[in-house]
There are 2 protein chains.
Amino acid sequence: MTSESSIRVVLVDDHFQMHRIVQTILGATEDIKLVGQAANGQEGLNLCEQYQPDIVLMDVVMPVMGGIQATQVLHERYPDIKVLVLSSFQDHESVYAMLRNGAVGYLTKGTLAEDLAETIRATCQGKMVFSSDVGAQLVSPPQPSKDYHLTDRELEVLVHLAEGLSNQQTALKLSISTSTLKYHMNNIYEKLGVQTRSEALVLAAKNNMI
Amino acid sequence: MTSESSIRVVLVDDHFQMHRIVQTILGATEDIKLVGQAANGQEGLNLCEQYQPDIVLMDVVMPVMGGIQATQVLHERYPDIKVLVLSSFQDHESVYAMLRNGAVGYLTKGTLAEDLAETIRATCQGKMVFSSDVGAQLVSPPQPSKDYHLTDRELEVLVHLAEGLSNQQTALKLSISTSTLKYHMNNIYEKLGVQTRSEALVLAAKNNMI
DNA sequence: TCGATACCTGTCCAAATGGACAGGTATTTT
DNA sequence: AAAATACCTGTCCATTTGGACAGGTATCGA
């Protein structure tokens with residue numbers, strides 16, 4: 001953070017239109033100054049070296065050097081500079097690629113007008129900010145828990161086997177015969193689309209069924 | 001959104017201290033009003049029904065009804081009310097549980113003072129806001145978890161067995177004998193602290209080793 | 001050079017698993 | 001009443017597994 005009085009921002013985007021919009025928005029604020037504008041990642045890096053901004057508004061897809069690579073280099077070289085992504089894309093890959101490389105926020109361009117200044121201030125205070133459409137990407141990955149509509153009994157069987165119990169021990173615990181247990185197992189294999197006990201258990205574990 | 005002029009907030013937290021802090025912070029703002037305060041999820045739901053706030057500041061761990069369940073019900077019943085989590089916890093499970101149930105932001109209590117008002121405003125505008133320590137959880141999901149210091153070979157064995165291959169098939173694939181494979185398996189059992197193949201695979205799956 | 005580690009191999013045998021049958025009951029839906 | 005589900009049980013037999021040995025080599029660091 002170079003300045004106490006105002007937040008210094010560099011914009012890196014290859015669309016003329018974006019430059020206009022951001023200029024307009026930030027021109028109306030007292031505490032945020034647009035100190036540099038670049039049209040690709042390479043230029044952006046140069047500007048950052050020159051101006052040492054607090055915040056970089058970074059596009060993802062750009063000629064010469066894209067936002068993903070630029071963010072990576074920037075984050076390595078100047079860990080204090082915060083990268084806020086402005087992108088038309090909101091796919092899972094882009095979002096996570098940028099976040100992994102050090103971005104601390106991600107806005108889709110459509111939501112830009114909603115209040116870029118607020119977002120920049122929040123980002124400056126160490127918050128991570130996402131537009132709601134991007135947020136959907138953040139929440140979705142750990143919920144691939146498909147429903148294989150196993151019955152309660154089948155779930156019970158699976159849980160006990162996952163604990164390392166043998167067929168006999170499990171059967172005993174559920175008060176059924178090993179024949180019945182094998183019957184349940186076969187149904188489980190069928191429903192999960194697997195052929196072996198190992199596959200069934202791994203799949204169940206990965207889907208948080210056990 | 002019931003009001004144009006000011007943002008209406010309900011706080012749901014079982015710690016007296018938090019009520020004091022939030023009162024102080026929001027008491028100093030013109031555009032944000034703390035219209036209700038509850039000590040648990042159940043009370044929180046009642047207050048929301050009564051006041052229809054724009055934002056709910058929600059703790060996670062509370063008596064009677066926790067934040068996870070309360071958020072779920074709230075989101076179902078009043079989809080327009082935005083839940084912003086205030087929690088001491090920042091573990092992956094808590095964060096994702098809340099987000100899945102409809103929360104649109106997550107702040108750790110330690111970062112609260114940094115500017116709750118800004119965050120509330122950004123949230124109101126449809127942004128998702130996270131404190132930086134929580135953000136780490138969002139980016140990290142594919143963490144290899146604990147290190148059981150399995151050797152490369154042992155990992156290979158596990159991966160193939162997880163795919164449902166038999167000992168023989170796996171041995172063939174790795175160009176070793178089944179004897180060697182069993183040797184590896186025993187070492188794996190030892191290192192993972194388990195007794196059976198099933199346990200080993202489940203543990204490995206849950207720890208993203210395979 | 002010694003010890004530790006990872007890796008590899010074998011044999012013998014008991015136990016566990018799974019496939020292929022061939023039955024049964026209770027409940028719910030059509 | 002027939003069909004569909006979920007659930008239960010058995011037998012017979014091949015395959016798989018894992019335990020308990022008892023060996024081997026190559027590499028690396030003390």
Side-chain angles (χ1 to χ4, degrees), chain A residues 143-210, chain B residues 72 76 100 142-210:
Chain A
Q143 184 61 327
S145 251
K146 292 177 194 168
D147 187 16
Y148 295 97
H149 44 84
L150 297 188
T151 66
D152 295 345
R153 205 55 163 167
E154 285 159 358
L155 240 329
E156 284 184 280
V157 168
L158 217 42
V159 168
H160 286 116
L161 292 182
E163 290 165 352
L165 300 187
S166 69
N167 285 359
Q168 267 125 7
Q169 291 171 310
T170 303
L172 192 65
K173 202 155 233 172
L174 298 181
S175 304
I176 57 179
S177 73
T178 57
S179 300
T180 305
L181 196 128
K182 293 203 289 182
Y183 157 80
H184 285 309
M185 287 305 291
N186 279 314
N187 288 335
I188 291 170
Y189 295 163
E190 179 77 23
K191 288 182 181 177
L192 298 190
V194 300
Q195 281 75 50
T196 68
R197 166 184 299 237
S198 297
E199 284 176 282
L201 288 172
V202 169
L203 188 64
K206 287 193 173 263
N207 286 66
N208 296 313
M209 300 165 63
I210 51 180
Chain B
Q72 186 181 28
E76 249 172 44
R100 268 199 305 271
Q143 42 176 280
S145 259
K146 291 178 193 171
D147 187 17
Y148 295 95
H149 46 86
L150 297 188
T151 66
D152 295 344
R153 206 55 164 165
E154 285 159 359
L155 240 328
E156 285 185 279
V157 168
L158 263 186
V159 169
H160 285 115
L161 293 182
E163 289 165 353
L165 300 187
S166 70
N167 285 359
Q168 267 125 8
Q169 290 171 310
T170 303
L172 192 66
K173 202 155 234 171
L174 298 180
S175 302
I176 58 181
S177 73
T178 57
S179 300
T180 305
L181 196 129
K182 292 203 290 181
Y183 156 80
H184 285 310
M185 287 305 290
N186 280 314
N187 288 336
I188 291 170
Y189 295 163
E190 180 77 25
K191 288 182 181 176
L192 297 190
V194 300
Q195 280 76 51
T196 69
R197 165 185 300 236
S198 295
E199 284 175 282
L201 288 172
V202 169
L203 189 63
K206 286 192 173 265
N207 287 66
N208 295 312
M209 299 164 64
I210 50 180

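Throughout, a chain's letter reflects where its sequence line sits, starting with A, and its residues are numbered from 1.
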Tell me the interatomic distance from [X], atom [atom1], to [N], atom [atom2], rounded to whole angstroms.
X: B:E154; N: C:dT5; atom1: CD; atom2: C1'; answer: 11 Å
X: B:I188; N: D:dT17; atom1: CD1; atom2: P; answer: 13 Å
X: A:R153; N: C:dT25; atom1: CZ; atom2: C1'; answer: 15 Å
X: A:L161; N: C:dA16; atom1: CG; atom2: C1'; answer: 12 Å
X: A:Y189; N: C:dA20; atom1: OH; atom2: P; answer: 13 Å
X: B:E199; N: D:dG18; atom1: CD; atom2: C1'; answer: 14 Å
X: B:L201; N: C:dT17; atom1: CG; atom2: P; answer: 13 Å
X: A:N187; N: D:dA4; atom1: CG; atom2: P; answer: 16 Å

Can you check whether [Y]'s main-chain N or O pairs, donor with acceptor, with [X]'s side chain at less than 3.5 Å?
X: A:T170; Y: A:S166; answer: yes
X: B:R197; Y: B:Y189; answer: no
X: A:K206; Y: B:I210; answer: yes

Practice item. Working to the nearest 0.5 Å, report the span between NZ of B:K191 and CG of B:L203. Key: 14.0 Å
**Study point:** Distance in Å, A:N167 CG paired with A:L181 CG, rounded so as to fall on 0.5 Å steps
**Key:** 5.0 Å
Exercise for review: Examine C:dA16: is either OP1 or OP2 under 4.0 Å from a nitrogen or oxygen in the side chain of B:R197? Give yes or no.
Suggested key: no
Review point. How close do B:A162 and A:V202 get, heavy atom to heavy atom, and via which atoms?
Key: CB-CG2, 3.8 Å
**Study point:** Within residues 162-186 of chain A, residues whose heavy atoms come under 4.0 Å of DNA chain D
**Key:** A:I176, A:S177, A:S179, A:T180, A:Y183, A:H184
